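Below is one structure, written out as structure tokens; the observations come after it.
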Amino acid sequence: MLTETSKASSKRFYALKKSDLLAALKTSEQGLSADQAQQRLAENGPNALAQGKKRTLFQRFFDQFKDFMILVLLVAALISGVVAQEWADAGLILAVVIVNAIFGVFQESKAEEAIDALREMSTPEAHVRRGGQVETISSEKLVVGDVVLLEAGDIVPADVRLIDSASMKIEEAALTGESVPVEKEAGVLPDEEIAIGDRKNMAYMNSNVTYGRGVGIVVGVGMGTQVGHIAGMINQAEETNTPLQDNLNSLGKTLTWLILVIAAIIFVVGILNNHDGLPMNELVINMLLVAISLAVAAIPEGLPAIVTIILALGTTRMAKRQSLVRNLPAVETLGSTEIVASDKTGTLTQNKMTVEKVYEYGHLQNAADPITGADMALKVMTFSNDTKAQGDGKLVGDPTETALVQFGLDHHYDVTSELQKEPRVAEVPFDSERKLMSTIHQLADGKFFVAVKGAPDMLLKRVTQIQTSPTEVRALTDADKQEILAQNKGMATKALRVLAMAYKVITTVPEKPDTNNVEQDLIFAGLVGMIDPERPEAAKAVADAKKAGIRPIMITGDHQDTAEAIAGRLGIIKPGDDKAVITGAELDQLSDADFEKKVKQYSVYARVSPEHKVRIVKAWQDQGKVVAMTGDGVNDAPALKSADIGIGMGITGTEVSKGASDMVLADDNFATIIVAVEEGRKVFANIQKSIQYLLSANLGEVLTLFMMTLMGWDILQPVQLLWINLATDTFPAIALGVEPTEPGIMDRKPRGRKSNFLSGGVGSSIIYQGILEGALTLGVYGLAILFPVHASNDAMHADALTMAYATLALIQLFHAFNVKSIHQSIFSVHPFANRMFNIGVGTSFIMVALTIVVPGFNSLFHVTELNLLQWSMVLGAGVLMVLIVELVKFFQRRAGKE
Ligand code: ATP
């Protein structure tokens with residue numbers, strides 16, 4: 001039921017005064033209490049867009065019968081009952097088809113469940129103030145009246161009326177089609193109809209905050225938001241197919257036609273031969289059933305669902321290893337990744353900054369050396385800073401900035417009380433393009449203090465004077481500049497991140513503070529050097545990547561010397577190899593064509609902005625490479641989208657960047673990327689195994705039937721074919737999908753963009769192994785005729801057919817072991833290591849064996865009991881299948897095909 005608050009979004013909230021707004025929504029600037037929020041959530045439901053309607057279990061079951069072949073099969077079975085009075089056959093066919101449909105529903109549900117779980121894992125988070133405390137909650141828990149804090153990089157989690165804003169810009173393309181971010185400002189708009197794009201004090205769900213910050217009150221959630229209205233109008237159900245699934249679908253179509261043609265030939269030849277001398281009408285129905293059963297058994301209709309399940313199981317395993325895959329195709333692409341371009345800070349390093357050096361008044365000093373608030377360097381670094389101290393004293397914010405505040409506190413500089421004396425009144429937020437950040441503070445004498453910190457090279461361009469002692473300032477000379485740059489280099493080559501500090505005092509605050517009217521004519525105050533240690537596991541992960549033929553590339557906003565030093569320590573480049581390093585400015589000088597020619601040379605990109613990342617991705621992609629790229633900022637979104645695998649950061653990443661990613665690292669760790677690639681390779685290899693297993697089995701079935709008909713021998717019965725399909729397809733195929741990693745999977749080169757699931761010898765293996773399965777089955781049939789156990793002709797034929805049935809079914813299960821490795825001997829890949837496989841193959845085996853050994857089933861399935869010798873022949877064929885394939889693998893390995 002919708003209550004008053006959930007319909008809120010249609011009202012003119014933009015025209016209300018703040019007090020009226022708060023009163024209308026029964027809230028305050030301190031936010032709702034936990035109880036209020038709980039109650040509103042219970043009343044109005046979660047803040048989520050309604051999903052497309054789910055099919056009921058019954059509908060899903062029913063959908064399984066929409067397959068034309070199944071319908072024809074059912075009709076033919078019915079006719080065979082009516083005309084030939086074979087009611088048992090007809091009933092059994094019906095039963096098998098129903099069980100098959102149940103399996104189908106099960107497979108589809110598993111696949112859907114996994115996709116839903118993926119969706120759940122990727123719901124964005126929101127920062128709210130409740131009961132005066134700032135909390136981070138899943139955006140689904142937001143309710144009308146909540147106070148939401150927004151900053152650059154956030155996805156607006158609901159429809160919000162702004163009550164506070166600082167340099168705020170929001171990109172509302174999803175709503176208005178306008179991709180240029182619009183400025184937003186808290187304030188009151190006239191009480192008249194205003195177009196959505198012009199409502200400057202409103203922020204709408206799913207738009208992106210690209211700059212600045214703000215505070216807003218939630219006025220609409222879920223389907224009550226503007227996007228909710230749009231979503232309500234369009235069909236939500238979106239299905240993504242992976243390229244692999246698309247490939248499979250088209251292969252499936254080709255195979256279907258091929259099998260139908262063969263089935264038709266079998267039908268015609270079977271009638272012409274009339275092996276059993278049946279009356280015409282019975283003969284036609286019988287052959288029709290055989291042909292259709294074969295088609296049903298051999299057409300790999302379950303393959304796409306099986307592939308989805310395998311991909312989904314892969315994502316579950318990846319989640320346990322800290323990588324959250326946001327869409328299924330990513331799993332498949334990950335395995336083929338050739339280039340991993342990673343941010344330095346936080347991904348390769350720990351993002352735990354500590355100040356090590358300070359340079360001021362012409363001296364380089366250590367962190368422990370005395371420094372006070374009278375030193376402008378310390379004042380600026382702690383003023384131009386967004387760090388917040390929590391109740392327990394813990395500092396929260398960007399590690400670069402918390403390090404600076406911590407440094408101040410270590411020197412007994414009480415940042416909080418200093419800021420109370422000289423509060424911030426305006427700011428120009430940090431952005432990674434200009435690499436600067438400024439804040440403006442009210443001074444006691446009515447003037448204003450401007451604190452600017454940022455990348456030394458950027459800041460120096462805006463400096464005209466220099467502080468030479470706590471009380472002296474003079475004009476900046478070229479010699480000063482050279483000295484500062486030399487100090488910067490000295491620290492950077494020791495892998496320190498260096499920031500410069502500058503300030504000035506002004507009399508009026510510009511109406512719209514920006515870089516041009518604030519960050520000019522500054523007084524240089526000093527440099528600070530911070531260490532950000534490498535992640536302990538990063539160097540090994542880099543080495544692992546290289547061994548796996550993956551090229552690691554480091555991208556950073558930091559100075560080239562810092563970048564080079566760290567890349568050298570991590571093994572991304574040889575220490576001192578500055579030819580492998582390029583800066584953003586140098587990159588700007590290169591045309592796309594020139595850059596493409598030289599892209600292979602560079603492993604480190606320093607002082608780059610997010611827009612360079614797109615060029616890096618494109619240049620590598622033009623070389624035909626599969627590129628993974630990390631990103632955390634709002635401006636990284638285009639690069640994350642254009643990469644084959646966009647990788648977001650779970651801890652430090654903005655919601656916008658996560659939304660643009662294919663995969664999110666829960667631990668922000670480079671090593672996790674390499675682990676995910678390994679999982680991706682494994683999943684792809686396992687899908688290949690399933691495909692190899694299924695298609696070679698189907699080929700074996702088709703060949704057996706084809707030869708039997710052509711030669712005028714006994715022909716396998718429809719129920720037998722259908723049972724083989726039911727018992728031996730699904731379980732082993734899915735179980736092969738969770739095979740453990742084959743040894744050496746990360747010692748190979750990436751499979752590359754062009755390969756598909758039949759590459760690497762899988763296609764040819766399917767063909768020869770399918771032929772082998774068919775040949776061995778026919779061989780067993782032939783032996784049974786040549787060396788009969790029973791004297792009577794009828795019994796001999798019944799025995800032979802039973803043995804052929806058992807062989808065709810069981811040989812697949814033996815073959816499942818072969819498929820565990822395309823080139824390795826099964827004895828070297830632990831044949832029984834996969835429990836699920838053992839259970840899957842065991843179940844299939846029992847299902848087949850039951851039809852022969854249980855007396856009652858004998859007649860239903862048209863089989864006879866087999867004696868020990870006959871069983872030995874059947875199982876012997878299976879053993880032979882393994883031995884022959886082992887032999888082929890042996891020669892393939894000798895020929896170097898690995
Ligand atoms: P990486 O690209 O390795 O992940 P990063 O994301 O921290 O590093 P940016 O945030 O783009 O890179 O920072 C680039 C440069 O901007 C830094 O080298 C530093 O000189 C400067 N910088 C970083 N953070 C701040 C900040 N909070 N205030 C002022 N300047 C900063």
Side-chain angles (χ1 to χ4, degrees), residues 151-153 341-353 380-387 395 397-405 427-439 451-462 485 488-489 491-492 495-503 515 519 522 525 527-532 534-535 538 553-567 570 572 581 583-585 604-613 616 629-636 639-640 647-649 651-654 657 665 668-670:
E151 62 176 15
S342 168
D343 283 327
K344 168 180 74 71
T345 308
T347 312
L348 286 160
T349 66
Q350 301 182 17
N351 207 6
K352 286 193 186 129
M353 308 263 177
V380 170
M381 71 173 88
T382 50
F383 270 41
S384 170
N385 199 311
D386 287 330
T387 301
L395 300 177
D398 175 0
T400 303
E401 299 197 335
T402 52
L404 299 175
V405 171
E427 66 197 86
V428 187
F430 173 75
D431 76 58
S432 39
E433 304 281 332
R434 54 181 231 294
K435 302 184 170 52
L436 297 176
M437 160 169 178
S438 305
T439 53
V452 188
K453 76 175 190 325
D457 33 343
M458 300 299 208
L459 194 71
L460 270 187
K461 292 181 196 154
R462 295 148 193 272
L485 288 174
N488 177 26
K489 193 173 178 72
M491 286 193 263
L496 298 187
R497 156 175 282 212
V498 189
L499 287 189
M501 281 75 64
Y503 75 98
T515 180
E519 293 164 344
L522 303 171
L527 299 174
V528 58
M530 285 168 275
I531 189 74
D532 175 18
E534 297 94 71
R535 284 179 177 269
I553 286 180
M554 185 174 107
I555 297 183
T556 177
D558 254 337
H559 192 269
Q560 61 266 37
D561 293 327
T562 313
E564 190 187 318
I566 292 184
L570 289 172
I572 292 175
V581 185
T583 64
V604 175
Y605 294 83
R607 274 285 185 262
V608 286
S609 326
E611 94 253 14
H612 291 120
K613 285 185 167 181
I616 298 168
M629 168 69 84
T630 71
D632 50 8
V634 54
N635 300 335
D636 287 331
L640 290 170
I647 304 173
M649 298 293 138
I651 304 170
T652 56
T654 54
S657 62
L665 305 177
D668 289 10
N669 190 343
F670 178 81

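In listed order, ligands and their atoms are each counted from 1. We count residues from 1, following the sequence as given. If you're wondering where the values come from, they're calculated on a predicted model, not measured in any experiment.
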If the criterion is any heavy atom closer than 4.0 Å to an atom of ligand 1, which residues make the list?
D343, K344, T345, D398, E401, F430, S432, K435, M437, K453, G454, A455, R497, V498, L499, I555, T556, G557, D558, R607

Side-chain donor/acceptor of T654 to backbone N/O of D632, under 3.5 Å:
yes

For Q350, the option from D532, T345, I531 that meets side-chain contact (heavy atoms from CB on, under 4.5 Å):
D532

Going by salt bridge (Lys or Arg N to Asp or Glu O under 4.0 Å), name the residues that satisfy it together with E427, two or more places apart in sequence or in a different chain.
R213, R424

Answer yes when R535 and D668 have at least one side-chain N-carboxylate O distance shorter than 4.0 Å, and no when they do not.
no

Holding to side-chain hydrogen bond (donor to acceptor under 3.5 Å, both in side chains), I want the full list of residues that pass it with D431, two or more places apart in sequence or in another chain.
R434

In chain order, what residues pass the side chain to side chain contact (heavy atoms under 4.5 Å, CB included) check against K489, with sequence neighbours excluded?
T493, D561

